[in-house]
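Comments concern the structure below.
Note that the numbering runs from 1 along the sequence shown for the chain.
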Amino acid sequence: MKLPLIGTHPDEAGGVIGICGGVPRIGARTSTNQSPRRFLHISRSEDEYFPADYVRGFPDRLRRHASDVEFHLLPGAHRFPSKARPIIAAWRERVFGCLAAGSILDT
């Protein structure tokens, strides 16, 4: 799902998890009140598409639109990091107060 789409319907998303990808440009029309208020972004240090020096700026970019931003830079290339599972589980527990059944974390 595209972040700008979620930003236009903030009550439909309790938070956003981004893994191994970029942070889109959120337009000036998208204020904190129009954006999801919780972000978890996990990047990889050897990502061939999004270099570490570039992704280190993601937390600041996201904080322009939300006060609850958590960012992790894990070792590895552009792929889902298995070490992200406990990070995601802890974030979901903190943000939503429980772990939702039937997720990728249950496999």
Residue pair Asp47, Val55: steps toward the side chain to side chain contact (heavy atoms under 4.5 Å, CB included) verdict: CA-CA 10 Å; Asp47 191 315; Val55 302; over 6 Å; no
Atom of Trp91, atom of Phe39 and distance for their closest heavy-atom approach: NE1-O, 3.8 Å
Heavy-atom closest contact (Pro81 atom, Ile42 atom, distance): CG-CG2, 4.1 Å
Phe71 and His41 aromatic ring geometry - parallel, tilted or perpendicular at 30°/60° bounds: parallel
Parallel, tilted or perpendicular, as decided by the 30° and 60° cut-offs, for the rings of Phe58 and Tyr54: perpendicular
Side chain to side chain contact (heavy atoms under 4.5 Å, CB included) evaluation trace for Leu62 with Val16: CA-CA 11 Å; Leu62 290 170; Val16 174; over 6 Å; no
Flag, side chain of Glu70 to backbone of Leu40, donor-acceptor distance under 3.5 Å: no
Val95 backbone acceptor or donor facing Arg38 side chain under 3.5 Å: no
Heavy atoms of other groups near Tyr49 OH, more than 12 under 6.0 Å: no
How many angstroms lie between [atom1] in [X] and [atom2] in [Y], if you round to the nearest 0.5 Å?
X: Arg56; Y: Leu73; atom1: CZ; atom2: CG; answer: 5.5 Å
X: Cys20; Y: Leu74; atom1: SG; atom2: CG; answer: 8.0 Å
X: Arg44; Y: His72; atom1: CZ; atom2: NE2; answer: 13.5 Å
X: Arg85; Y: Lys83; atom1: CZ; atom2: NZ; answer: 13.5 Å
X: Ser43; Y: His78; atom1: OG; atom2: NE2; answer: 10.0 Å

Carboxylate-amine/guanidinium proximity below 4.0 Å for Asp68 and Arg63: no
